[in-house]
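Here's the structure we're looking at; comments come further down.
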Amino acid sequence: MSKPRHSSTTTAPQDPPLGYAIDATAPPMLRYQSSLPSLPVPTLQSTCAKYLETVQPLLTPSEYTTTQSSVSQFLASPQAAELQRRLQERAATPGVQNWLSEWWDEVAYMAYRDPVVVFVSYFFVHIDDRTRDQAKRAASLIKAMLPFRELTESGRLEPEKVRGAPLCMSSYKWLFHASRYPAKPSDTAAKFNPAANNHIVVIRKNRFFVLPLAHPNGEELSYSEFEAQFNHIISLAGPTPSSFPIGALTSDNRDLWTDARSALMAASPKNAELLQKIESAMIVVALDDSKPVTRDDISWETWVGNGRNRWYDKHQLIVYENGRSGFLGEHSCMDGTPTLRMNEFVLASIASNKVPLAPPSVPIDITSLPPVSELQFTLNDPIKSLIRASEKRFDDLVSAHDLHVLHYEGFGKNFLKKHKFSPDAGAQLIKQLAFHKMFGRPGVTYESAQTRKFKRGRTEVIRSASKESKTWAEAMLSPSPSSARELKVLFGKAAARHMQYSAWAADGHGVDRHLFGLKKLVRADEELPGIYKDPAYGRSSHWELSTSQLSSRYFDGWGYGEVVPDGYGLSYSLGDDYIRWTITSLKRDTKVLKHYLAEAASEVKAMLEAAEKDREAKL
């Protein structure tokens with residue numbers, strides 16, 4: 001890697017947190033890894049009790065009676081005990097750091113065959129930097145990213161902690177110089193040597209350019225030199241997009257992309273070398289020719305773009321002609337918290353002037369810089385046809401979707417804290433009330449809880465729909481409404497239940513991953529237990545509302561797609577005085593859900609204020 005002209009260092013604490021040990025042979029970033037606990041295997045009794053509690057609000061009384069019977073039979077069966085024994089044995093196997101991770105990575109990501117764009121990728125919208133044009137913005141982002149790369153690749157990055165407990169840092173390996181690869185029946189991933197691949201790949205007008213990050217002597221390019229290089233690439237690309245955008249192939253079904261990649265490499269030996277230049281890059285930077293302004297427009301462009309000026313198998317920075325920017329995350333090898341940290345580091349460094357962004361004292365001579373090279377693929381007629389087909393499928397898929405952002409400024413986390421409620425629980429209950437307004441029932445809801453306190457931990461499900469949330473939502477919508485104080489009591493019970501389940505999930509004691517693990521251990525010659533055949537199992541994991549919270553003062557939005565055809569992607573962020581939702585769906589009245597979210601939020605605010613006013617009046 002290049003020699004940084006400036007760097008940011010962190011000082012590791014001398015003493016480990018209580019219950020953890022420092023591995024003196026590991027780099028600082030990984031010093032707690034060996035003492036992280038393993039993901040637990042919950043008891044059958046605990047999981048089944050929670051399961052029954054979470055399905056009850058989704059079922060009729062007769063359906064619930066049937067489900068109770070299937071769960072009781074499962075608990076009492078020798079097969080359940082045997083499956084639990086197998087899972088415990090797998091968890092205790094030497095060398096198995098996490099009984100779930102290999103299965104989950106395969107099923108949820110690598111073996112998933114639908115296109116990653118829409119269905120897997122997620123995006124962040126950066127706050128606006130009004131002082132910069134496209135080249136300046138791209139240069140500042142890359143210049144600010146290089147110190148974070150150095151910290152990560154050297155292992156000097158300070159481990160993340162939650163309430164003092166260290167988190168697993170193993171996924172940071174995949175942050176830079178890594179790529180997903182299409183393959184049958186399951187994709188793979190590769191990590192490249194940063195020192196031997198010290199470059200980024202820039203896409204402009206559907207054309208690919210390699211931009212070295214350092215001079216031949218190893219000295220890192222300056223901000224102004226990066227700016228000159230980005231302007232040079234914009235000039236080289238010209239005004240007309242490439243007619244056959246190679247990047248469109250990465251937007252396709254994974255099996256189709258696997259076949260197309262093989263055909264592309266067969267068309268010329270040179271093509272394999274060019275692909276590796278892309279795959280080994282630190283990151284991809286897409287210089288788009290659009291100028292999005294509204295939150296809806298920039299969110300849409302960052303999420304899907306036009307399907308051509310992208311490479312969806314890698315993390316990408318996206319910079320627009322008006323200087324706006326965002327990030328598109330490749331989700332298979334890591335979740336959103338490490339990329340959140342990286343983006344925050346970059347944007348905070350720029351905002352606090354920790355990155356040298358001064359203009360040069362003399363104009364930059366482009367000929368004095370390491371040359372930019374274009375990746376010119378050899379395309380035959382079959383490849384051109386494959387590109388056209390990928391473009392068509394992308395356009396059809398994306399045109400079936402819509403996205404709407406609700407930036408609600410009626411209140412935020414400060415208001416909920418003032419009334420002594422968890423902001424996250426409050427946001428989840430607003431979603432439930434909005435769904436009740438729209439559909440007259442609870443919404444089957446997935447909220448992501450990170451389990452990185454465990455070795456190779458990723459996520460568990462918080463089942464946000466509950467008996468308590470249903471009771472409260474129905475009371476809010478009753479023609480004969482309860483008093484504000486009574487509604488607040490019900491709201492409090494629902495919020496408390498949400499926080500309890502959130503704690504269970506974060507501790508690896510949710511429902512879904514345990515039941516998933518037991519099901520994976522049913523052998524081909526064994527009958528599937530009745531609990532999995534009961535309609536309640538499928539219904540309670542058919543995630544109509546796929547929700548997740550990431551909040552940062554450096555972001556102006558983030559989101560992802562729906563996970564079931566009749567559902568919604570519903571990401572959200574909590575600011576001090578706002579709640580922002582990004583809603584995606586297959587055009588299932590997305591605007592209507594946006595309306596009901598705003599209405600539900602205002603009604604929650606009015607309810608809490610009225611209850612407080614009533615309390616004060618009675619003092």
Side-chain angles (χ1 to χ4, degrees), residues 30 33 36-42 86-87 89-122 152 160 167-192 250 253-255 257-258 279 312-315 328-342 446-462 505-506 508 510-522 541 543 546 548 550 560-561 563:
L30 301 175
Q33 286 292 120
L36 290 177
S38 297
L39 184 71
V41 177
R86 292 175 191 172
L87 190 56
E89 182 178 72
R90 175 182 172 89
T93 300
V96 175
Q97 294 187 339
N98 184 308
W99 61 260
L100 173 66
S101 60
E102 183 179 326
W103 283 339
W104 189 250
D105 290 350
E106 180 76 3
V107 171
Y109 297 106
M110 294 307 193
Y112 187 75
R113 299 290 85 191
D114 283 339
V116 293
V117 59
V118 174
F119 296 116
V120 181
S121 302
Y122 61 94
T152 302
E160 294 174 66
L167 301 183
C168 180
M169 299 292 287
S170 64
S171 66
Y172 275 79
K173 166 186 175 180
W174 304 103
L175 190 54
F176 301 112
H177 300 281
S179 181
R180 178 174 181 158
Y181 282 81
K184 295 179 182 179
S186 180
D187 287 3
T188 60
K191 169 74 176 183
F192 293 87
T250 67
N253 171 279
R254 302 306 293 178
D255 287 343
W257 169 212
T258 301
E279 293 150 356
Y312 292 108
D313 284 357
K314 286 179 68 70
H315 297 318
L328 186 66
E330 202 295 295
H331 206 347
S332 61
C333 293
M334 64 195 323
D335 294 313
T337 46
T339 55
L340 167 70
R341 185 179 182 186
M342 183 269 284
Y446 178 120
E447 181 184 357
S448 179
Q450 76 167 357
T451 54
R452 285 177 54 213
K453 68 169 68 174
F454 305 107
K455 290 177 183 175
R456 294 192 64 191
R458 292 197 66 162
T459 59
E460 173 60 281
V461 181
I462 302 170
V511 165
D512 292 273
R513 303 299 187 250
H514 188 199
L515 290 180
F516 169 83
L518 296 172
K519 188 178 181 183
K520 286 288 290 183
L521 290 167
V522 178
S541 56
W543 308 116
S546 175
S548 183
L550 285 176
Y560 47 81
V563 299

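This one's a predicted model, so the numbers in the text were calculated from it and none came from an experiment. No hydrogens, no waters, no symmetry mates; every other heavy atom, side chains included, goes into these values. Position 1 is the first residue of the sequence, and the numbers go up from there.
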Problem set entry | By side-chain hydrogen bond (donor to acceptor under 3.5 Å, both in side chains) - contacts of Asn253 (at least two apart) | none
For this session: Report yes if the side chains of Asp313 and Trp257 come closer than 4.5 Å at any heavy-atom pair, otherwise no.
Result: yes
Exercise. Hey, is the main chain of Ala178 close enough, under 3.5 Å, to the side chain of Lys314 for a donor-acceptor pair?
Worked result: yes
Exercise. Does Trp543 have any ring pair (Phe, Tyr, Trp, His ring centres under 6.0 Å) partners at least two apart in sequence or in another chain, and if so, which?
Worked result: Tyr446
Exercise. Roughly how far apart are Tyr312 OH and Glu330 CD, rounded to 0.5 Å?
Worked result: 12.5 Å
Exercise. Where the side chain of His331 meets the backbone of Ser121, is there a donor-acceptor pair that is under 3.5 Å apart?
Worked result: no
Exercise. With sequence neighbours excluded, what pairs up with Ala506 under the side chain to side chain contact (heavy atoms under 4.5 Å, CB included) test?
Worked result: none
Exercise. Excluding sequence neighbours, so at least two apart, what forms salt bridge (charged side-chain N to carboxylate O under 4.0 Å, His left out) with Glu447?
Worked result: none
For this session: Kindly determine whether Thr459 and Arg513 satisfy side chain to side chain donor-acceptor pair (under 3.5 Å), including the steps that lead there.
Result: CA-CA 9 Å; Thr459 59; Arg513 303 299 187 250; 2.9 Å; yes
For this session: Enter the distance from Tyr122:OH to Leu340:CG here, rounded to the nearest 0.5 Å.
Result: 9.0 Å
Exercise. Mind checking what makes side-chain hydrogen bond (donor to acceptor under 3.5 Å, both in side chains) contact with Asp335, not counting sequence neighbours?
Worked result: Arg458
For this session: List in chain and number order the residues that pass salt bridge (charged side-chain N to carboxylate O under 4.0 Å, His left out) with Arg90, two or more places apart in sequence or in another chain; answer none if no residue qualifies.
Result: none
Exercise. Are Met110 and Ser332 close enough that some pair of their side-chain heavy atoms sits under 4.5 Å apart?
Worked result: yes
Exercise. What residues form a side chain to side chain contact (heavy atoms under 4.5 Å, CB included) with Lys519, not counting sequence neighbours?
Worked result: Leu528, Tyr532, Tyr537
Exercise. Do Val511 and Val461 come within less than 4.5 Å of each other through their side chains, counting heavy atoms only?
Worked result: no
For this session: Answer yes or no: is there a donor N or O on one side and an acceptor on the other, between the side chain of Lys520 and the main chain of Leu515, under 3.5 Å?
Result: no
Problem set entry | Residues in side chain to side chain contact (heavy atoms under 4.5 Å, CB included) contact with Pro42, at least two apart in sequence or another chain | Thr47, His509, His514
For this session: Begin with the C-alpha distance, continue with both residues' side-chain angles, and end with the deciding distance and a verdict on side-chain contact (heavy atoms from CB on, under 4.5 Å) for Arg456 and Thr451.
Result: CA-CA 8 Å; Arg456 294 192 64 191; Thr451 54; over 6 Å; no
Exercise. What distance separates His315 NE2 from Ser179 OG, expressed to the nearest 0.5 Å?
Worked result: 10.0 Å
Exercise. Do the side-chain N and O atoms of Asn98 and Trp104 include a donor-acceptor pair separated by under 3.5 angstrom?
Worked result: no
Exercise. With Lys173, which residues qualify under salt bridge (charged side-chain N to carboxylate O under 4.0 Å, His left out), at least two apart?
Worked result: none
For this session: Classify the angle between the aromatic ring planes of Tyr181 and Phe192 as parallel (below 30°), tilted (30 to 60°) or perpendicular (above 60°).
Result: tilted
Exercise. Taking the side chain from Arg452 and the backbone from Cys168, do they hold a donor-acceptor pair closer than 3.5 Å?
Worked result: yes
Exercise. Between CG of Leu30 and OH of Tyr172, what distance do you get to the nearest 0.5 Å?
Worked result: 11.0 Å
For this session: Measure the NZ-CG distance between Lys455 and Leu167 for me, rounded to the nearest 0.5 Å.
Result: 14.5 Å
Problem set entry | Heavy-atom donor-acceptor pair, Gln33 side chain to Met169 backbone, under 3.5 Å | yes
Exercise. Residues two or more places apart in sequence or in another chain: which of them pass side-chain hydrogen bond (donor to acceptor under 3.5 Å, both in side chains) with Tyr560?
Worked result: none
Seminar exercise, completed: Sorted by chain and number, sequence neighbours left out, salt bridge (charged side-chain N to carboxylate O under 4.0 Å, His left out) with Glu89 holds for Arg85
Exercise. Are any of the side-chain heavy atoms of Glu460 and Asp512 separated by less than 4.5 Å?
Worked result: yes
For this session: Would you tell me whether Ser448 and Gln450 have side-chain atoms, one donor and one acceptor, within less than 3.5 Å of each other?
Result: no
Problem set entry | Test side chain to side chain contact (heavy atoms under 4.5 Å, CB included) applied to Tyr112 - qualifying residues, sequence neighbours left out | Asp114, Phe119, Val120
